[in-house]
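Side-chain atoms are counted along with the backbone in the values below, which use heavy atoms only and exclude waters and symmetry mates. Here is how names work: the chains are called A, B, and so on, in the same order as the sequence lines, proteins then strands, and each is numbered from 1.
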Amino acid sequence: MQIFLFDSLSRKKREFIPLDNDNIRIYACGPTVYDYAHIGNARMAVVTDLLVRTLQTLYKNVTFVSNITDVDDKIIKAANASKKPINEITSKFQKIYEEDMENLGVQKPYKQPKATDHINEMIEMIESLIRNDCAYISEKNVLFNVRKYKFYGCLSRRSKDEQIAGSRVEVANYKKNAEDFILWKPSKDNEPGWNSPWGKGRPGWHIECSAMSKKCLGLPFDIHCGGVDLTFPHHENEIAQSCSSISPNSEPNSFCNYWFHNGFVTASGEKMSKSLGNIKLVNEILKKYDGSIIRFSLLTSHYRQPLDWSEDILKQSKKTLIKFKRIIESSEPIDSANNPKIRKYFDDFLNAIYDDLNTPKALGILNKWFEVIKKSRSTEKQYILASIIKGLEILGVNLTKIKPTLSQVDNTLQSRILKMINERDEARQNKDFKKADIIREKLKNLDIEIEDTVKGTIWRKND
RNA sequence: GGUGCGGUGGCGGAGAGGCUACGCACCGGCCUGCAAAGCCGAGUACACCGGUUCGAAUCCGGUCCGCACCUCCA
(Lines give C-alpha, C1' and ligand atoms only; values in the text may rest on other atoms or scores of the structure.)
Protein backbone atom coordinates (compact mmCIF):
# COMPACT_ATOMS: atom_id res chain seq x y z
CA MET A 1 0.00 0.00 0.00
CA GLN A 2 1.21 3.47 -0.82
CA ILE A 3 0.32 6.89 0.44
CA PHE A 4 -0.78 9.55 -2.02
CA LEU A 5 -0.62 13.22 -1.16
CA PHE A 6 -1.68 16.30 -3.02
CA ASP A 7 1.37 18.45 -3.57
CA SER A 8 0.55 22.14 -3.93
CA LEU A 9 3.73 22.87 -5.84
CA SER A 10 3.02 20.47 -8.72
CA ARG A 11 -0.73 20.68 -8.04
CA LYS A 12 -1.00 16.95 -8.42
CA LYS A 13 -1.76 14.01 -6.24
CA ARG A 14 1.58 12.26 -6.00
CA GLU A 15 2.67 9.00 -4.48
CA PHE A 16 4.66 9.71 -1.38
CA ILE A 17 8.21 8.51 -1.87
CA PRO A 18 10.48 9.27 1.08
CA LEU A 19 13.92 10.74 0.62
CA ASP A 20 15.08 8.36 3.31
CA ASN A 21 12.94 5.37 4.24
CA ASP A 22 14.46 5.24 7.69
CA ASN A 23 13.64 8.82 8.55
CA ILE A 24 10.65 10.74 7.24
CA ARG A 25 11.09 14.46 7.86
CA ILE A 26 8.23 16.93 8.09
CA TYR A 27 8.07 20.60 8.95
CA ALA A 28 4.99 22.66 9.76
CA CYS A 29 4.79 26.41 10.31
CA GLY A 30 3.64 26.65 13.88
CA PRO A 31 1.77 29.31 15.81
CA THR A 32 2.75 32.86 16.65
CA VAL A 33 2.16 32.86 20.38
CA TYR A 34 0.48 36.15 21.14
CA ASP A 35 -3.12 35.08 21.73
CA TYR A 36 -5.37 32.08 22.26
CA ALA A 37 -5.41 29.50 19.48
CA HIS A 38 -8.51 29.56 17.30
CA ILE A 39 -10.18 26.74 15.45
CA GLY A 40 -8.21 27.53 12.31
CA ASN A 41 -4.94 27.00 14.15
CA ALA A 42 -6.42 23.79 15.46
CA ARG A 43 -7.34 22.54 12.01
CA MET A 44 -3.78 22.92 10.84
CA ALA A 45 -2.43 21.13 13.91
CA VAL A 46 -4.97 18.30 13.75
CA VAL A 47 -4.59 17.73 10.03
CA THR A 48 -0.81 17.73 10.25
CA ASP A 49 -1.03 15.37 13.19
CA LEU A 50 -3.18 13.04 11.11
CA LEU A 51 -0.57 13.17 8.36
CA VAL A 52 2.10 12.21 10.88
CA ARG A 53 0.00 9.37 12.28
CA THR A 54 -0.72 8.13 8.77
CA LEU A 55 2.95 8.10 7.86
CA GLN A 56 3.69 6.30 11.11
CA THR A 57 1.57 3.37 9.97
CA LEU A 58 4.07 2.76 7.18
CA TYR A 59 7.35 4.19 8.43
CA LYS A 60 9.08 3.60 11.71
CA ASN A 61 10.69 6.99 12.13
CA VAL A 62 8.77 10.13 11.38
CA THR A 63 10.55 13.26 12.50
CA PHE A 64 8.04 16.04 12.83
CA VAL A 65 9.20 19.56 13.57
CA SER A 66 6.92 22.51 14.18
CA ASN A 67 8.17 25.87 15.32
CA ILE A 68 7.00 28.43 17.82
CA THR A 69 7.21 32.00 16.57
CA ASP A 70 8.07 34.12 19.56
CA VAL A 71 9.38 37.26 17.94
CA ASP A 72 7.05 39.19 15.69
CA ASP A 73 5.23 42.51 15.26
CA LYS A 74 2.00 41.08 16.64
CA ILE A 75 3.72 39.94 19.79
CA ILE A 76 5.34 43.32 20.28
CA LYS A 77 1.96 44.92 19.82
CA ALA A 78 0.32 42.57 22.30
CA ALA A 79 3.08 43.23 24.82
CA ASN A 80 2.70 46.98 24.48
CA ALA A 81 -1.06 46.77 24.77
CA SER A 82 -0.97 44.66 27.93
CA LYS A 83 2.15 46.42 29.29
CA LYS A 84 3.76 43.06 29.96
CA PRO A 85 7.19 41.82 28.97
CA ILE A 86 7.32 39.94 25.71
CA ASN A 87 8.49 36.64 27.13
CA GLU A 88 5.66 36.64 29.62
CA ILE A 89 3.19 36.85 26.73
CA THR A 90 4.90 34.23 24.61
CA SER A 91 5.43 31.69 27.38
CA LYS A 92 1.85 32.10 28.56
CA PHE A 93 0.34 31.54 25.14
CA GLN A 94 2.73 28.80 24.20
CA LYS A 95 1.62 26.91 27.29
CA ILE A 96 -2.05 27.47 26.48
CA TYR A 97 -1.47 26.38 22.90
CA GLU A 98 0.21 23.18 23.99
CA GLU A 99 -2.55 22.36 26.47
CA ASP A 100 -5.25 23.03 23.91
CA MET A 101 -3.57 20.87 21.30
CA GLU A 102 -3.04 18.08 23.78
CA ASN A 103 -6.76 18.17 24.43
CA LEU A 104 -7.32 17.73 20.72
CA GLY A 105 -5.16 14.64 20.70
CA VAL A 106 -2.34 16.30 18.80
CA GLN A 107 0.93 14.52 19.43
CA LYS A 108 3.77 16.77 20.49
CA PRO A 109 6.23 17.45 17.67
CA TYR A 110 9.57 15.73 17.91
CA LYS A 111 11.08 19.21 18.09
CA GLN A 112 9.45 22.55 18.72
CA PRO A 113 12.14 25.11 17.98
CA LYS A 114 11.66 28.71 19.04
CA ALA A 115 12.61 31.54 16.74
CA THR A 116 14.47 33.41 19.48
CA ASP A 117 16.71 30.39 20.07
CA HIS A 118 17.81 30.42 16.42
CA ILE A 119 18.83 33.98 15.75
CA ASN A 120 22.38 32.86 14.99
CA GLU A 121 21.20 30.35 12.41
CA MET A 122 19.11 33.06 10.78
CA ILE A 123 22.05 35.45 10.68
CA GLU A 124 24.20 32.74 9.13
CA MET A 125 21.62 32.07 6.46
CA ILE A 126 21.27 35.76 5.68
CA GLU A 127 25.05 35.99 5.36
CA SER A 128 25.05 33.13 2.91
CA LEU A 129 22.36 34.88 0.89
CA ILE A 130 24.43 38.04 0.76
CA ARG A 131 27.44 35.96 -0.22
CA ASN A 132 25.44 34.36 -3.00
CA ASP A 133 24.41 37.82 -4.19
CA CYS A 134 20.71 37.15 -3.58
CA ALA A 135 20.31 39.67 -0.79
CA TYR A 136 21.33 43.29 -0.32
CA ILE A 137 21.64 45.83 2.47
CA SER A 138 19.66 49.02 2.32
CA GLU A 139 19.24 51.55 5.13
CA LYS A 140 20.18 48.96 7.79
CA ASN A 141 17.67 46.49 6.36
CA VAL A 142 18.70 43.32 4.66
CA LEU A 143 16.41 42.38 1.79
CA PHE A 144 16.04 39.39 -0.44
CA ASN A 145 16.32 40.30 -4.09
CA VAL A 146 13.46 38.47 -5.71
CA ARG A 147 14.88 39.00 -9.20
CA LYS A 148 17.80 36.78 -8.23
CA TYR A 149 15.71 33.67 -7.85
CA LYS A 150 14.39 32.43 -11.16
CA PHE A 151 11.83 30.07 -9.62
CA TYR A 152 10.23 32.84 -7.59
CA GLY A 153 6.46 32.50 -7.88
CA CYS A 154 6.51 28.77 -8.60
CA LEU A 155 4.36 27.91 -5.61
CA SER A 156 1.79 30.69 -5.73
CA ARG A 157 1.88 31.01 -9.52
CA ARG A 158 2.04 34.72 -9.59
CA SER A 159 3.92 36.69 -12.12
CA LYS A 160 5.74 39.58 -10.56
CA ASP A 161 4.32 42.20 -12.87
CA GLU A 162 0.72 41.24 -12.29
CA GLN A 163 1.31 41.36 -8.62
CA ILE A 164 2.63 44.85 -8.68
CA ALA A 165 -0.25 46.08 -10.80
CA GLY A 166 -2.90 45.06 -8.31
CA SER A 167 -0.89 45.46 -5.21
CA ARG A 168 -2.41 47.29 -2.31
CA VAL A 169 0.84 47.60 -0.50
CA GLU A 170 2.97 50.71 -0.57
CA VAL A 171 6.48 50.06 -1.80
CA ALA A 172 9.09 51.10 0.71
CA ASN A 173 11.72 53.30 -0.90
CA TYR A 174 14.62 51.19 0.35
CA LYS A 175 13.53 48.27 -1.83
CA LYS A 176 15.10 47.61 -5.19
CA ASN A 177 12.00 45.76 -6.38
CA ALA A 178 8.52 46.01 -4.99
CA GLU A 179 8.41 42.29 -4.20
CA ASP A 180 11.67 42.18 -2.26
CA PHE A 181 11.14 41.10 1.28
CA ILE A 182 12.86 41.78 4.56
CA LEU A 183 15.37 39.34 6.00
CA TRP A 184 16.62 41.56 8.79
CA LYS A 185 15.44 44.92 10.03
CA PRO A 186 16.72 47.40 12.60
CA SER A 187 15.00 47.33 15.99
CA LYS A 188 13.52 50.44 17.48
CA ASP A 189 14.46 51.25 21.08
CA ASN A 190 11.41 49.59 22.60
CA GLU A 191 11.66 46.51 20.41
CA PRO A 192 13.61 43.32 21.06
CA GLY A 193 16.91 43.24 19.20
CA TRP A 194 19.97 41.16 18.62
CA ASN A 195 23.45 42.15 17.53
CA SER A 196 24.21 41.34 13.93
CA PRO A 197 26.67 42.31 11.20
CA TRP A 198 24.06 44.91 10.18
CA GLY A 199 23.56 46.43 13.60
CA LYS A 200 21.07 45.74 16.36
CA GLY A 201 17.96 44.35 14.80
CA ARG A 202 15.48 41.54 14.48
CA PRO A 203 14.65 38.98 11.81
CA GLY A 204 12.01 39.30 9.15
CA TRP A 205 9.10 36.95 9.37
CA HIS A 206 10.01 34.31 6.80
CA ILE A 207 13.63 33.60 7.61
CA GLU A 208 12.93 31.76 10.85
CA CYS A 209 11.23 28.81 9.17
CA SER A 210 14.02 28.49 6.63
CA ALA A 211 16.66 28.54 9.34
CA MET A 212 14.91 26.20 11.74
CA SER A 213 13.80 23.62 9.19
CA LYS A 214 17.37 23.43 7.92
CA LYS A 215 18.79 23.16 11.42
CA CYS A 216 16.31 20.58 12.73
CA LEU A 217 15.75 18.44 9.64
CA GLY A 218 18.52 19.13 7.14
CA LEU A 219 17.92 19.88 3.48
CA PRO A 220 16.09 18.71 1.55
CA PHE A 221 13.34 17.23 3.72
CA ASP A 222 10.14 15.44 2.74
CA ILE A 223 7.05 17.49 3.49
CA HIS A 224 6.37 21.09 4.37
CA CYS A 225 2.93 21.83 5.88
CA GLY A 226 0.89 24.92 6.60
CA GLY A 227 -2.38 26.74 5.99
CA VAL A 228 -3.20 27.79 2.40
CA ASP A 229 -3.00 31.43 3.32
CA LEU A 230 0.70 30.97 3.95
CA THR A 231 1.33 29.97 0.35
CA PHE A 232 2.01 33.56 -0.47
CA PRO A 233 4.14 35.22 0.58
CA HIS A 234 5.45 33.09 3.44
CA HIS A 235 6.09 29.76 1.73
CA GLU A 236 7.08 31.35 -1.55
CA ASN A 237 9.71 33.33 0.31
CA GLU A 238 10.87 30.33 2.26
CA ILE A 239 11.58 28.50 -0.98
CA ALA A 240 13.48 31.48 -2.37
CA GLN A 241 15.60 31.86 0.75
CA SER A 242 16.30 28.26 1.53
CA CYS A 243 17.19 27.35 -2.03
CA SER A 244 19.25 30.47 -2.71
CA SER A 245 21.23 29.95 0.46
CA ILE A 246 22.41 26.60 -0.91
CA SER A 247 23.46 28.11 -4.21
CA PRO A 248 21.86 30.68 -6.53
CA ASN A 249 18.81 29.35 -8.39
CA SER A 250 18.68 25.97 -6.69
CA GLU A 251 15.61 23.99 -7.68
CA PRO A 252 12.63 24.22 -5.29
CA ASN A 253 13.00 20.55 -4.40
CA SER A 254 16.39 21.24 -2.89
CA PHE A 255 14.33 22.65 0.00
CA CYS A 256 11.52 20.13 0.33
CA ASN A 257 9.79 17.49 -1.72
CA TYR A 258 6.07 17.94 -1.05
CA TRP A 259 3.97 20.95 -0.09
CA PHE A 260 0.99 20.12 2.03
CA HIS A 261 -1.59 22.88 2.53
CA ASN A 262 -4.78 22.73 4.53
CA GLY A 263 -7.91 24.73 3.73
CA PHE A 264 -9.35 27.61 5.70
CA VAL A 265 -11.90 27.54 8.47
CA THR A 266 -14.61 30.14 8.16
CA ALA A 267 -17.38 31.16 10.52
CA SER A 268 -20.78 31.73 8.93
CA GLY A 269 -19.09 31.61 5.55
CA GLU A 270 -16.66 34.38 6.34
CA LYS A 271 -13.11 34.57 7.45
CA MET A 272 -12.62 34.78 11.18
CA SER A 273 -11.39 38.19 12.16
CA LYS A 274 -11.18 40.31 15.22
CA SER A 275 -13.12 43.13 13.61
CA LEU A 276 -16.03 40.81 12.83
CA GLY A 277 -15.73 39.31 16.30
CA ASN A 278 -16.28 35.82 14.93
CA ILE A 279 -13.08 34.14 16.04
CA LYS A 280 -13.76 30.75 17.57
CA LEU A 281 -11.21 29.96 20.24
CA VAL A 282 -10.30 26.36 20.97
CA ASN A 283 -10.07 27.21 24.63
CA GLU A 284 -13.69 28.36 24.65
CA ILE A 285 -15.06 25.42 22.70
CA LEU A 286 -13.26 23.02 25.02
CA LYS A 287 -15.36 24.30 27.91
CA LYS A 288 -18.40 22.77 26.30
CA TYR A 289 -17.14 19.95 24.11
CA ASP A 290 -14.52 17.29 24.65
CA GLY A 291 -11.37 17.69 22.58
CA SER A 292 -12.09 14.49 20.67
CA ILE A 293 -15.40 15.91 19.50
CA ILE A 294 -13.66 19.03 18.23
CA ARG A 295 -11.02 16.93 16.55
CA PHE A 296 -13.60 14.69 14.92
CA SER A 297 -15.52 17.74 13.72
CA LEU A 298 -12.39 19.05 12.04
CA LEU A 299 -11.98 15.75 10.25
CA THR A 300 -15.53 15.51 8.90
CA SER A 301 -14.53 17.44 5.80
CA HIS A 302 -11.51 16.86 3.63
CA TYR A 303 -8.49 18.80 4.81
CA ARG A 304 -8.10 20.81 1.60
CA GLN A 305 -11.75 21.87 1.48
CA PRO A 306 -12.90 25.05 3.14
CA LEU A 307 -14.64 24.31 6.42
CA ASP A 308 -17.44 26.49 7.67
CA TRP A 309 -17.41 26.10 11.42
CA SER A 310 -20.64 25.89 13.38
CA GLU A 311 -22.00 24.42 16.54
CA ASP A 312 -24.03 22.03 14.39
CA ILE A 313 -20.89 20.20 13.32
CA LEU A 314 -19.99 19.74 16.96
CA LYS A 315 -23.43 18.46 17.88
CA GLN A 316 -23.47 16.02 15.01
CA SER A 317 -19.97 14.79 15.80
CA LYS A 318 -20.88 14.31 19.40
CA LYS A 319 -23.83 12.15 18.44
CA THR A 320 -21.75 10.05 16.11
CA LEU A 321 -19.02 9.51 18.68
CA ILE A 322 -21.47 8.59 21.41
CA LYS A 323 -22.96 6.09 19.01
CA PHE A 324 -19.54 4.52 18.46
CA LYS A 325 -18.74 4.67 22.13
CA ARG A 326 -21.89 2.80 23.05
CA ILE A 327 -21.35 -0.04 20.64
CA ILE A 328 -17.67 -0.36 21.53
CA GLU A 329 -18.31 -0.40 25.26
CA SER A 330 -21.08 -2.96 24.98
CA SER A 331 -18.84 -5.42 23.14
CA GLU A 332 -16.08 -7.75 24.20
CA PRO A 333 -12.66 -6.47 23.18
CA ILE A 334 -10.41 -8.76 21.17
CA ASP A 335 -6.70 -8.71 20.61
CA SER A 336 -6.38 -6.80 17.38
CA ALA A 337 -2.63 -6.84 16.85
CA ASN A 338 -1.88 -7.95 13.30
CA ASN A 339 -4.89 -10.21 13.10
CA PRO A 340 -5.31 -11.02 9.36
CA LYS A 341 -9.08 -11.04 9.69
CA ILE A 342 -9.00 -7.48 10.95
CA ARG A 343 -6.53 -6.54 8.30
CA LYS A 344 -9.09 -7.48 5.67
CA TYR A 345 -11.48 -4.81 6.87
CA PHE A 346 -8.99 -2.33 8.15
CA ASP A 347 -7.25 -2.03 4.79
CA ASP A 348 -10.42 -0.47 3.36
CA PHE A 349 -10.20 2.25 5.91
CA LEU A 350 -6.49 2.70 5.44
CA ASN A 351 -6.90 2.98 1.68
CA ALA A 352 -9.23 5.93 2.16
CA ILE A 353 -6.76 7.64 4.47
CA TYR A 354 -3.82 6.84 2.20
CA ASP A 355 -5.68 8.54 -0.62
CA ASP A 356 -4.67 12.08 0.34
CA LEU A 357 -6.16 11.74 3.82
CA ASN A 358 -9.73 11.29 2.68
CA THR A 359 -11.27 11.38 6.13
CA PRO A 360 -14.91 11.80 5.00
CA LYS A 361 -14.62 8.64 2.94
CA ALA A 362 -12.95 6.85 5.84
CA LEU A 363 -15.74 7.98 8.14
CA GLY A 364 -18.26 6.64 5.65
CA ILE A 365 -16.56 3.25 5.86
CA LEU A 366 -16.69 3.35 9.64
CA ASN A 367 -20.42 4.04 9.50
CA LYS A 368 -21.01 1.23 7.06
CA TRP A 369 -19.25 -1.17 9.38
CA PHE A 370 -21.38 0.10 12.18
CA GLU A 371 -24.48 -0.97 10.22
CA VAL A 372 -23.00 -4.39 9.56
CA ILE A 373 -22.28 -4.92 13.23
CA LYS A 374 -25.83 -4.05 14.17
CA LYS A 375 -27.21 -6.63 11.79
CA SER A 376 -24.69 -9.40 12.19
CA ARG A 377 -24.50 -11.97 14.97
CA SER A 378 -21.52 -13.84 13.65
CA THR A 379 -18.07 -13.73 15.18
CA GLU A 380 -17.08 -11.73 12.12
CA LYS A 381 -18.54 -8.70 13.74
CA GLN A 382 -15.92 -8.52 16.42
CA TYR A 383 -13.25 -8.14 13.76
CA ILE A 384 -15.18 -5.33 12.22
CA LEU A 385 -15.54 -3.72 15.59
CA ALA A 386 -11.82 -4.03 16.18
CA SER A 387 -11.32 -2.29 12.85
CA ILE A 388 -13.52 0.59 13.95
CA ILE A 389 -11.43 0.93 17.09
CA LYS A 390 -8.23 0.89 15.08
CA GLY A 391 -9.67 3.40 12.65
CA LEU A 392 -10.55 5.82 15.40
CA GLU A 393 -7.04 5.38 16.72
CA ILE A 394 -5.53 6.50 13.42
CA LEU A 395 -7.85 9.47 13.41
CA GLY A 396 -6.58 10.23 16.90
CA VAL A 397 -10.07 10.26 18.33
CA ASN A 398 -10.16 9.11 21.93
CA LEU A 399 -13.62 8.08 23.07
CA THR A 400 -12.82 7.43 26.69
CA LYS A 401 -13.31 10.97 27.85
CA ILE A 402 -16.48 11.63 25.93
CA LYS A 403 -19.50 11.86 28.13
CA PRO A 404 -23.08 12.35 27.04
CA THR A 405 -22.85 15.81 28.48
CA LEU A 406 -20.13 18.12 29.65
CA SER A 407 -22.44 20.72 31.10
CA GLN A 408 -21.86 21.46 34.69
CA VAL A 409 -24.71 20.81 37.08
CA ASP A 410 -24.20 22.05 40.62
CA ASN A 411 -25.01 19.96 43.66
CA THR A 412 -28.21 21.73 44.61
CA LEU A 413 -29.65 21.29 41.17
CA GLN A 414 -28.47 17.71 41.09
CA SER A 415 -30.26 16.75 44.30
CA ARG A 416 -33.33 18.58 43.08
CA ILE A 417 -33.28 16.58 39.86
CA LEU A 418 -32.88 13.28 41.71
CA LYS A 419 -35.74 14.17 44.00
CA MET A 420 -38.00 14.90 41.06
CA ILE A 421 -37.04 11.65 39.37
CA ASN A 422 -37.85 9.73 42.53
CA GLU A 423 -41.22 11.43 42.76
CA ARG A 424 -41.92 10.58 39.17
CA ASP A 425 -40.94 6.93 39.61
CA GLU A 426 -43.28 6.72 42.58
CA ALA A 427 -46.07 8.23 40.53
CA ARG A 428 -45.40 5.76 37.74
CA GLN A 429 -45.56 2.87 40.14
CA ASN A 430 -48.92 4.16 41.33
CA LYS A 431 -49.95 4.47 37.67
CA ASP A 432 -50.39 8.19 38.14
CA PHE A 433 -49.03 8.87 34.69
CA LYS A 434 -50.45 12.35 34.58
CA LYS A 435 -48.31 13.39 37.52
CA ALA A 436 -45.31 11.57 36.06
CA ASP A 437 -45.64 13.47 32.81
CA ILE A 438 -45.96 16.80 34.58
CA ILE A 439 -42.69 16.11 36.40
CA ARG A 440 -41.00 15.17 33.14
CA GLU A 441 -42.23 18.42 31.63
CA LYS A 442 -40.78 20.33 34.56
CA LEU A 443 -37.44 18.63 34.12
CA LYS A 444 -37.51 19.44 30.45
CA ASN A 445 -37.90 23.09 31.31
CA LEU A 446 -34.68 22.77 33.29
CA ASP A 447 -33.07 21.35 30.11
CA ILE A 448 -32.99 17.93 31.70
CA GLU A 449 -33.80 15.01 29.46
CA ILE A 450 -34.72 11.69 31.06
CA GLU A 451 -34.69 8.14 29.82
CA ASP A 452 -36.36 5.13 31.44
CA THR A 453 -34.15 2.08 31.15
CA VAL A 454 -34.20 -1.40 32.64
CA LYS A 455 -31.67 -0.21 35.16
CA GLY A 456 -33.82 2.73 36.17
CA THR A 457 -34.26 6.30 35.06
CA ILE A 458 -31.17 8.12 33.79
CA TRP A 459 -30.91 11.83 33.08
CA ARG A 460 -28.73 14.19 31.16
CA LYS A 461 -28.51 17.89 30.71
CA ASN A 462 -28.92 19.12 27.20
CA ASP A 463 -26.29 21.51 25.96
C1' G B 1 -7.04 43.86 -11.81
C1' G B 2 -4.16 39.13 -10.95
C1' U B 3 -3.94 34.10 -8.65
C1' G B 4 -6.23 29.93 -6.47
C1' C B 5 -10.40 27.05 -4.50
C1' G B 6 -15.41 25.88 -4.71
C1' G B 7 -21.07 25.53 -5.97
C1' U B 8 -23.99 17.85 -4.84
C1' G B 9 -30.88 16.13 -1.57
C1' G B 10 -33.64 20.26 4.41
C1' C B 11 -28.33 20.49 6.37
C1' G B 12 -23.18 18.50 6.53
C1' G B 13 -20.23 15.83 3.03
C1' A B 14 -17.57 11.92 -0.38
C1' G B 15 -17.45 10.43 -5.43
C1' A B 16 -15.43 11.97 -10.58
C1' G B 17 -18.42 8.92 -17.53
C1' G B 18 -22.96 3.45 -16.39
C1' C B 19 -22.73 0.19 -9.59
C1' U B 20 -26.61 6.84 -8.13
C1' A B 21 -21.39 6.74 -0.59
C1' C B 22 -22.08 8.21 4.32
C1' G B 23 -23.91 11.07 8.54
C1' C B 24 -27.57 14.44 10.77
C1' A B 25 -32.62 16.11 10.35
C1' C B 26 -37.49 14.80 8.54
C1' C B 27 -41.42 10.99 7.52
C1' G B 28 -43.68 5.85 8.32
C1' G B 29 -43.41 1.36 11.41
C1' C B 30 -41.80 -1.75 15.81
C1' C B 31 -40.96 -1.06 20.98
C1' U B 32 -42.86 1.99 25.24
C1' G B 33 -48.30 3.80 30.14
C1' C B 34 -46.52 8.04 27.21
C1' A B 35 -41.68 9.75 26.01
C1' A B 36 -36.51 8.94 25.27
C1' A B 37 -33.10 5.46 23.55
C1' G B 38 -32.77 1.41 20.27
C1' C B 39 -34.36 -1.22 15.95
C1' C B 40 -36.72 -1.66 10.82
C1' G B 41 -38.06 1.03 6.41
C1' A B 42 -39.04 5.10 2.62
C1' G B 43 -38.02 9.63 0.11
C1' U B 44 -35.47 13.73 -1.86
C1' A B 45 -29.30 15.73 -5.29
C1' C B 46 -25.66 17.01 -8.42
C1' A B 47 -25.67 26.17 -9.88
C1' C B 48 -27.27 27.50 -15.10
C1' C B 49 -27.01 27.01 -20.64
C1' G B 50 -25.10 24.42 -24.69
C1' G B 51 -21.97 20.28 -26.67
C1' U B 52 -19.46 15.20 -26.83
C1' U B 53 -21.38 10.15 -25.83
C1' C B 54 -25.60 4.48 -26.40
C1' G B 55 -25.07 6.84 -21.47
C1' A B 56 -22.57 13.02 -17.91
C1' A B 57 -23.10 15.13 -11.18
C1' U B 58 -18.47 13.30 -13.47
C1' C B 59 -15.54 15.18 -20.04
C1' C B 60 -15.54 19.99 -23.29
C1' G B 61 -17.19 25.29 -24.13
C1' G B 62 -19.71 29.37 -22.08
C1' U B 63 -22.59 31.96 -18.06
C1' C B 64 -23.81 33.10 -13.06
C1' C B 65 -22.72 32.94 -7.82
C1' G B 66 -19.58 32.30 -3.31
C1' C B 67 -14.88 32.24 -0.70
C1' A B 68 -9.70 33.01 -0.03
C1' C B 69 -4.83 35.13 -1.27
C1' C B 70 -2.12 39.36 -3.61
C1' U B 71 -1.05 43.52 3.48
C1' C B 72 0.30 40.62 9.57
C1' C B 73 -2.93 36.28 9.40
C1' A B 74 -3.43 28.85 10.13
Whichever of Lys434(A) and Asn41(A) has its nearest RNA chain B nucleotide further upstream toward 5': Lys434(A)
Between the main-chain N or O of Tyr174(A) and the side-chain N or O of Ser138(A), is there a donor-acceptor pair closer than 3.5 Å? yes
Nearest-neighbour nucleotide for the His38(A) side chain, rC34(B), rC69(B), rA74(B) considered: rA74(B)
Looking only at side-chain N and O atoms, does Asn278(A) offer a donor or acceptor that is under 3.5 Å from a partner on Glu270(A)? no
Measure CD1/Ile76(A) against P/rC72(B) and give the value in whole Å, please. 14 Å
Classify the side-chain pair Asn177(A)/Asp180(A) by whether it contains a donor and acceptor separated by less than 3.5 Å. yes
Give the nucleotide from the list rA36(B), rC34(B), rA74(B) with an atom nearest to the side chain of Arg424(A). rC34(B)
Whole angstrom is fine here: how far is it from CD in Glu311(A) over to P in rG12(B)? 16 Å
Return the value, rounded to whole Å, for the distance between atom CD of Gln305(A) and atom P of rA74(B). 21 Å
Between rC34(B), rA14(B), rA37(B), spot the one nearest the side chain of Asn358(A), thanks. rA14(B)
Please encode protein proximity along nucleotides 21-32 of chain B as a string of B, S and -, counting only heavy-atom distances under 4.0 Å. BSBSS-------
Please state how far atom CG in Leu298(A) lies from atom C1' in rG13(B), giving the value in whole angstrom units. 15 Å
Nucleotide nearest Phe370(A) (side chain, heavy atoms from C-beta), chosen from rA14(B), rC39(B), rA74(B): rC39(B)
